[in-house]
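Everything on this sheet refers to the single structure shown next.
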There are 2 protein chains.
Amino acid sequence: MKMESAVKGETRKKILDLAEALLLSHGYHGFSYQQISKVLGVRNAAIHYHFPHKTDLGVALIQRYRRRFARFTDSQQLLSGREQLERYFELSETYFAKDRQICPSGVLSTEFPRLPEIMQAEASAFIDEMRSWAVLIALKGRAEATMTYAGEAEAIGAVLFSTLQGALQLARIDENILVTVKNQIRAMLGINMAGLHEKADK
Amino acid sequence: MKMESAVKGETRKKILDLAEALLLSHGYHGFSYQQISKVLGVRNAAIHYHFPHKTDLGVALIQRYRRRFARFTDSQQLLSGREQLERYFELSETYFAKDRQICPSGVLSTEFPRLPEIMQAEASAFIDEMRSWAVLIALKGRAEATMTYAGEAEAIGAVLFSTLQGALQLARIDENILVTVKNQIRAMLGINMAGLHEKADK
DNA sequence: GACAGCTTACTAACCGGTAAGTAGAGTCAG
DNA sequence: CTGACTCTACTTACCGGTTAGTAAGCTGTC
């Protein structure tokens, strides 16, 4: 017997969504088709129908991330550098709030050497896009004089990206580190938060 | 027939060394007893003899890291904050040079939710020790006026630790990021490297 | 009747883990 | 000095479960 599901790309989308959550909490090698099929109430082979190899699923996941991130940066274009920075911060906050996930770049760079080649290529491109966006934020912030810093925007972007990735992972062990680090980055970029959203670390 | 090996804790040490390399490049769930036993030329069960459960091996690995790190910080006590910082930097450089490994804290925090409880406890303690050392460096640097920064030493330590962990992982994709980030951190701590060891990023 | 979207039923390889046996070195009583 | 015993450090031979992956069949919709 066949049943419900009905809508066209429904199952495929559900697989991607579940795989994404599993990727961010367990890593690429840390989840299996079984885990997905069990939750979705389908058979293992149903997933192989949509994604013949696990690599196909992995690539699809990263490509979706890249499309999403491109839309995200597009939507942020008109904001000030300072506001863009806050949105960048919010991204990591969102991951953490959702079951202590870490950011995709963190998973992908950690597992990088064990990833299939096609996934490595996608991951590299994605990570470079995330890094580049951080650089653009730093550039814009300096141009608008809403940020002040010594050195190149390239280096600030690199620090921004690295720090958030590291802090998001370490937040699994020490919850305070994310807020602490963000405040310190703001301070280092000459951003005075005078009583705004988040309180300084005690 | 028995043979060679001879020395007392030889095999056990070889297992630990190999497992360590595998942990740093592939992650805890990314290596198996088979991989170790194959390289060592022993049977699978030989590893189970020394480490009945994989968890035992994992715990032993972290405990060894903790002992090593304690010796490291002890040996650095008398150095200036600035010199201690450089040695802290060198730690990550060493990992990267060795087969693009990432630091243990990176692996452990990434895999944290899937780690057995006993390993989580060890990992938490270890990571807190690494974080604390970064804070001590910041404190000493400020006390000696070899570093200058706004905000608390706690926050500087957190940024230092997070940034290096993130950058070391991202260096697998973008080799330059480690050097770039270190230079920027020095700049942010008011450290002028005037033509010293490493060139500034272009 | 063609096709999308599954299911059933399977495979080979590998996972961590265990039980039982054994070679060799060391210990000790007579 | 020797035979009996014990301990360490394995090996051989398994176990049940899980992994990704495949082939073939079925069903509802257009």
Side-chain angles (χ1 to χ4, degrees), chain A residues 1-20 22-23 25-62 107 111 113-120, chain B residues 1-20 22-23 25-62 107 111 113-120:
Chain A
M1 66 234 63
K2 180 75 167 305
M3 42 154 56
E4 44 225 307
S5 103
V7 195
K8 228 194 58 185
E10 192 70 359
T11 303
R12 191 191 149 90
K13 211 227 160 209
K14 280 183 185 170
I15 291 170
L16 277 171
D17 289 342
L18 227 164
E20 178 179 332
L22 286 167
L23 176 74
S25 52
H26 297 83
Y28 177 71
H29 293 286
F31 75 86
S32 65
Y33 274 27
Q34 261 96 325
Q35 293 174 333
I36 298 175
S37 59
K38 203 170 284 179
V39 175
L40 256 54
V42 297
R43 291 295 142 140
N44 221 312
I47 303 175
H48 279 287
Y49 169 74
H50 291 285
F51 305 96
H53 305 270
K54 198 183 177 186
T55 304
D56 300 321
L57 177 53
V59 168
L61 280 173
I62 308 180
V107 181
E111 297 196 85
R114 293 252 305 181
L115 256 31
E117 267 189 51
I118 325 159
M119 280 188 70
Q120 287 191 355
Chain B
M1 68 234 65
K2 184 75 168 305
M3 39 151 60
E4 44 226 307
S5 106
V7 196
K8 230 193 57 186
E10 193 70 359
T11 304
R12 192 191 147 90
K13 211 228 159 206
K14 280 184 185 168
I15 292 170
L16 277 170
D17 289 343
L18 227 164
E20 178 179 333
L22 287 166
L23 176 74
S25 52
H26 297 83
Y28 177 72
H29 294 286
F31 74 87
S32 65
Y33 274 29
Q34 262 96 327
Q35 292 174 334
I36 298 174
S37 59
K38 204 170 282 178
V39 174
L40 255 52
V42 296
R43 290 294 137 139
N44 220 310
I47 303 175
H48 280 287
Y49 168 75
H50 290 286
F51 305 97
H53 304 271
K54 200 183 177 186
T55 305
D56 300 322
L57 177 53
V59 168
L61 280 174
I62 308 179
V107 182
E111 296 195 85
R114 295 249 306 177
L115 256 29
E117 266 188 51
I118 326 160
M119 280 187 71
Q120 287 192 355

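Labels below follow one simple rule: chain letters A, B, ... track the order of the sequence lines, proteins then strands, and each chain is numbered from 1.
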Base contacts versus sugar-phosphate-only contacts with protein, heavy atoms under 4.0 Å: please encode nucleotides 12-20 of chain D as B, S and - from 5' to 3'. B------BS
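Note: CD1 (A:Ile47) to P (C:dA4) measures 20 Å, nearest angstrom. C:dG16 atom P lies 13 Å from atom CG of B:Asp56, rounded to whole Å. In this structure, B:Ile36 places its CD1 atom 11 Å from P of C:dC15, rounding to the nearest Å. In this entry the distance linking CZ of A:Arg12 with P of C:dC6 reads 12 Å, nearest Å. To the nearest angstrom, C1' of C:dT22 lies 13 Å from OH of B:Tyr49. Atom NE2 of B:His50 is separated from atom P of D:dT8 by 12 Å (rounded to the nearest Å).
Nearest heavy-atom pair across B:Leu61 and B:Leu16 is CD2-O, 3.4 Å. In terms of heavy atoms, A:Pro113 sits closest to B:Ser25 at CG-O, 3.8 Å. Contact record, B:Leu40 with B:Leu18: CD1-CD1, 3.0 Å, taken as the closest heavy-atom pair.
Direction of the helix axis in the helix from C:dG1-D:dC30 to C:dG30-D:dC1 shifts by 10° between the two five-pair termini, rounded to 10°.
Each side-chain hydrogen bond (donor to acceptor under 3.5 Å, both in side chains) pair with one or both residues in residues 29-47 of chain B, not counting sequence neighbours, appears once here: B:Gln34-B:Asn44.
For A:Asp17, the salt bridge (charged side-chain N to carboxylate O under 4.0 Å, His left out) criterion is met by A:Lys13, A:Arg64, not counting sequence neighbours. Residues that satisfy the side-chain contact (heavy atoms from CB on, under 4.5 Å) test with B:Pro116, not counting sequence neighbours, are B:Tyr28, B:Thr55, B:Met119. For B:Phe31, there are no ring pair (Phe, Tyr, Trp, His ring centres under 6.0 Å) partners two or more places apart in sequence or in a different chain.
OP1 and OP2 of C:dG5 both lie 4.0 Å or more from every side-chain N or O belonging to A:Thr11.
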May I have the step-by-step check of side-chain contact (heavy atoms from CB on, under 4.5 Å) for A:Thr11 and A:Tyr49, ending in yes or no? CA-CA 11 Å; A:Thr11 303; A:Tyr49 169 74; over 6 Å; no
